[in-house]
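Structure first, then comments.
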Amino acid sequence: MLVRGHPLVAEVRRTRVTGCRRHMHKPIKYVEKGITYLAHGAWAVLDTYNRAVKPGQPFVPRWSEKPILKSWEKVKPPLGWPRETDSLCPVCVREARQAIVDGKRDYTILLTEKVGEIKAQIIERDGKILMVKDCPQHGHFEDVMAMDTAFFKHLEDSFPGSDIRAHNDEKLHNHGSSTIKYGRGAVLTIDLTNRCNMMCDPCFMDANQVGFVHELSWDDIKTMLDNAISIKPRRQMSVQFSGGEPTMSPYFLDAVRYSKQVGYSSVQAATNGIEFAKSPEFARAAAKAGLRYAYLQFDGIGNAANSHRLVGNLFDVKLRAIENLWSAGVDIVPVVTIVNGVNNEQVGRIIQFALDNPRKINFLSFQPVSFTGRDEEVTPERRAAQRYTLSHLAHDVKSQVGIGEPVRDWFPISFMGTFTDWADLVHGPGAEWGNLTCGCHPNCGIGMAVMIDKETKEAAPVTAFLHADQFAKDVRKVNDAGRGRFLSVLGMSLALARNYDPFKAPTHFRIVDFMKKFDKTFGATGHDYGKVTIDRTEKDIEKRRADRWNFLFIAGMWFQDLFNYDFRRTERCIIPYATQEGEISFCAYNTGIGWRNIIEKMHMTATLTKWYEEHGRHEIFAGGKSVALPTTEHSLVLDAEAVAAGKQMDLDEAGIAKTAREEKLRARAAAKKQAEEDARMAALYRQHVLKEAPAEPVIQIKGLGGKKKDSVQEVLHDTPKQ
């Protein structure tokens, strides 16, 4: 039997993942190479025509009150380095926020004053990109933005510019310096409740720890959903229900159902998966209501890799959740919070998990740690040790899986804006909705697309066989020419064909498969690939899943914290939070000035005590407690070696705390030890210098003080108090 590490296994894995094959190319590959040469010639003719003839006038679509932008009209923030931007002082912000929450200052100062704002410089030092800033009161702060300057430059050079500026949105976007200014977002996030059935570190919202319950009423939910689709540009967008744990809201299924009815393109749930794992019936009910994606918290392969969440069988929960959701027709997106030294070695194992299960996983979302919520007062030592950037992710994918060249294969997710612009052009002025677009800052998110053969599991990055930079430039020319549907579709087809290398594509992949993939994504020809609308059926789901090719998208979304905050990113946010006080940038809500703390306190449903009196306590899985599952059986392919691997011990070996709670316990222990040492020295001083008699020892009766904790780890594994 072959095990990982055997040279033959390594060669098989390399061949399957990279698409490097030793066999002779099939004759069709040579035919396709000939097609690419013909496409070059035809493109030259079309491009000459487009340059010779006056471009078509930009039209004003039904979904906007402003014309579609040409590429040269798009706005970009200052990029490159060194550069200056607007940021925040981590200490000033915490103090100002606390004063507002305590009622000592009115929250409206955030609309008129630049609370906690300071200037920051983005510079290069020692081969890294840093943000450095100084507060007159609290001193110097700096943090790493990227550990690869070439990668950072590539992302910023690939940014196509911002979307149409949002208009008729004053009631929703009015948050002072934190106001969203461009586009209307891609994913509307709605926290249904701040209650959760877990107690995680890190946690954006400090679930179960703030002393009160903030839970949206049905009227709140409907109003937020209706408001978001009332502003222009009226682009198609997704809605993601989050929390806390959204499935704990009594209105979860109703919210999913209503979202599909009023026009959201896809409905998502950001979930830990516990309720879906426990009940196949609940998964089917969610699918029937219209749930399309489950953004499943997923920290690694095996229970050991998930042990920092302090749930005994959390990986088993994930596998059962995937099984139940997929069987019900819901697609799964594993969402991985990456903390350096805690689970960064899991990057490759998780991608391999997706490669091994191409029929069930077609999207991965890695989220480098943001020090917020319970982690906001992180020490500089732990922050430096745990900091993980998008550049770390790209390099870890290459080193751990052997796939993806950082500069060739990764692009900012806003790179796709060129192609959604093309889709808007093709769909014409009569379209009711604009296409979903991601116009966020290039420092916010990145992605790499991998084409996987579901039958053979052979895989290769799309950009290994498609010259992406030139392809985007060609499509941009098609968009700027504005020739109408036929010539725009022809231009896209020629651009795709001429930038395609059949010899580097997977063995059975054809250029016609590529054309179908783009059409399936953007709906240019009207061909039926299986509906995704409110009236989709099980046959539609089966039809979309029958595609032999899995377009696996590996994304990295890096949310800001107070140490790397940049207002040029905030104003381009594509993940707005819907709240009772309007729509707020994801980072401004969860970090930044911390609108979450303020709004949830303003619109508190009940104190925790009052809530427990009226509703009782909900079950919380923490302190190593396991979730009772009907079965742990599943059909997913797992790497036995990855499952058996122990948890990552880098930080333990370096003597660095892993969580805010552990950090506080260590600080208390250190303070206690210092106090004892100070008392001992004071006693010696009194005895030997002042010649005082030593104090009589205090006799403690054993047992009255309760059980003594033997170590920090023992304390950490106790169930946290609610």
(request) Test Glu323 against Arg320 for salt bridge (charged side-chain N to carboxylate O under 4.0 Å, His left out), laying out the working first. (result) CA-CA 5 Å; Glu323 201 71 48; Arg320 281 308 308 167; 5.1 Å; no

(request) Dump the intermediate steps for side-chain contact (heavy atoms from CB on, under 4.5 Å) on Val347 and Val397, then the final yes or no. (result) CA-CA 7 Å; Val347 168; Val397 171; 3.7 Å; yes

(request) I would like to know whether Val213 and Leu608 meet side-chain contact (heavy atoms from CB on, under 4.5 Å); could you show each step before the answer? (result) CA-CA 6 Å; Val213 171; Leu608 208 55; 3.9 Å; yes

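- Counting heavy atoms from C-beta outward, Lys114 and Asp86 have side chains that stay 4.5 Å or more apart.
- Note on ring orientation: taking the six-membered ring where Trp is involved, the planes of Phe282 and Phe276 are tilted (angle from 30° to 60°).
- Listed for the Lys133 side chain is a donor-acceptor partner under 3.5 Å among the backbone atoms of Leu88.
- Contact annotation: the side chain of Gln121 never approaches that of Pro82 to less than 4.5 Å [non-hydrogen atoms, C-beta and beyond].
- Remark: Lys318 is not positioned above the aromatic ring of Phe315, lacking an NZ or CZ atom under 6.0 angstrom from the ring centre and at most 45 degrees off the axis.
- There is no side-chain donor-acceptor pair under 3.5 Å between His392 and Asn344.
- Side chains of Asn194 and Phe212 form a contact here, defined as non-hydrogen atoms less than 4.5 Å apart.
- Of the possible polar contacts, one joining the Ser399 side chain to the Asp396 backbone as a donor-acceptor pair under 3.5 Å is found.
- By the 4.0 Å N-to-carboxylate-O rule, Arg666 lies close enough to Glu662 to be salt-bridged with it.
- Side chains of Trp595 and Leu110 form a contact here, defined as non-hydrogen atoms less than 4.5 Å apart.
- The shortest side-chain heavy-atom distance between Asp678 and Met681 does not fall under the 4.5 Å cut-off.
- Between the side chains of Thr570 and Tyr565, at least one donor N or O lies within less than 3.5 Å of an accepting N or O.
- Minimum heavy-atom separation, Ala354 to Ile361: CB-CG2, 3.8 Å.
- In plain terms, the two heavy atoms of Met198 and Gln297 that are nearest each other are CE-OE1, 3.7 Å.
- Without hydrogens or angle criteria, Asn343 side chain to Thr337 main chain gives a donor-acceptor distance under 3.5 Å.
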(request) Starting from the C-alpha separation in whole Å, work towards a yes-or-no answer on side-chain contact (heavy atoms from CB on, under 4.5 Å) for Met147 and His395. (result) CA-CA 10 Å; Met147 43 75 79; His395 281 270; 3.9 Å; yes

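- For the pair Tyr589 and Asp191, the minimum side-chain heavy-atom distance is below 4.5 Å.
- Nearest heavy-atom pair, Gln352 versus Val401, reported as atom, atom and distance to 0.1 Å: OE1-CG1, 4.1 Å.
- Pro630 and Ala277 make their closest contact through CD-O, 4.2 Å (heavy atoms, listed as atom of the first residue, atom of the second, distance).
- Looking at every heavy atom in both residues, Gly312 comes nearest to Ser626 through CA-OG, 3.5 Å.
- In this structure, a donor-acceptor pair under 3.5 Å is present between the side chains of Glu581 and His603.
- A salt bridge does not link Arg383 with Asp375: every distance from a Lys NZ or Arg NE/NH1/NH2 to an Asp or Glu carboxylate oxygen is 4.0 Å or more.
- Here the side chains of Phe353 and Leu638 are in contact, with some heavy-atom distance below 4.5 Å.
- Between Gln367 atom CD and Leu393 atom CG the span is 11.0 Å, to the nearest 0.5 Å.
- In terms of modelled atom types and a separation under 3.5 Å, the side chain of Asn272 and the main chain of Ile274 share a donor-acceptor contact.
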(message) Could you go through Glu376 and Arg97, starting from their C-alpha distance and side-chain angles, then the distance that decides it, and tell me whether this counts as salt bridge (charged side-chain N to carboxylate O under 4.0 Å, His left out)?
(response) CA-CA 13 Å; Glu376 194 170 60; Arg97 181 199 305 145; 2.7 Å; yes

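- Side-chain contact, Gln346 with Asp299: no donor N or O sits under 3.5 Å from an acceptor N or O.
- Donor-acceptor pairing under 3.5 Å is lacking for the side chains of Thr372 and Asn590.
- Considering CH2 of Trp558 and SG of Cys444, their distance stands at 10.0 Å, rounded to 0.5 Å.
- Expressed to the nearest 0.5 Å, how far OG1 of Thr271 lies from CD1 of Ile332 amounts to 11.5 Å.
- His618 contributes a side-chain N or O that, together with a main-chain N or O of Cys196, makes up a donor-acceptor pair within less than 3.5 Å.
- The structure places CD1 of Ile575 at 15.0 Å from CD1 of Ile584, a figure rounded to the nearest 0.5 Å.
- The side-chain heavy atoms of Gln137 and Ile118, taken from C-beta on, include no pair separated by under 4.5 Å.
- For the residue pair Ile122 and Thr85, the shortest heavy atom distance occurs at CD1-CG2, 4.4 Å.
- When atom types are taken as modelled, the side chain of Asn313 and the backbone of Asn303 share no donor-acceptor pair closer than 3.5 angstrom.
- Distance check, rounded to the nearest 0.5 Å: CD1 of Ile129 to CZ of Phe151 gives 12.0 Å.
- With Asn443 as reference, Arg569 is the one residue of Arg569, Gln560, Arg568 to meet the side chain to side chain contact (heavy atoms under 4.5 Å, CB included) rule.
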(message) Before you tell me yes or no, could you show the steps for Arg387 and Phe371 under side-chain contact (heavy atoms from CB on, under 4.5 Å), namely the whole-Å CA-CA distance, both residues' side-chain angles and the distance that decides it to 0.1 Å?
(response) CA-CA 9 Å; Arg387 176 61 79 197; Phe371 295 106; 3.7 Å; yes

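- Remark: side-chain polar atoms of Arg195 are paired, donor with acceptor, to backbone N or O of Met248 under 3.5 angstrom.
- Between the side chain of Glu215 and the backbone N or O of Ser249 there is no donor-acceptor pair closer than 3.5 Å.
- The main-chain N or O of Phe563 is never found under 3.5 Å from a side-chain atom of Asp143 such that the two would form a donor-acceptor pair.
- Side chain of Gln386 to main chain of Ala657: a donor-acceptor pair is present (N/O by atom type, distance under 3.5 Å, no hydrogens or angles).
- Judged purely by distance below 3.5 Å, without hydrogens or angles, the side chains of Thr193 and Glu245 never pair a donor atom with an acceptor atom.
- Atom CG of Leu310 is separated from atom CE of Met199 by 9.5 Å, given to the nearest 0.5 angstrom.
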(request) In sequence, state the C-alpha distance, the side-chain angles, and the governing distance for Glu677 and Arg680, and then conclude on salt bridge (charged side-chain N to carboxylate O under 4.0 Å, His left out). (result) CA-CA 5 Å; Glu677 178 62 16; Arg680 188 181 72 83; 3.0 Å; yes

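- The aromatic rings of Phe586 and Phe559 sit parallel, their planes meeting at an angle under 30°, below the 60° perpendicular limit.
- One side chain, Ser391 or Thr389, offers a donor N or O that lies under 3.5 Å from an acceptor on the other.
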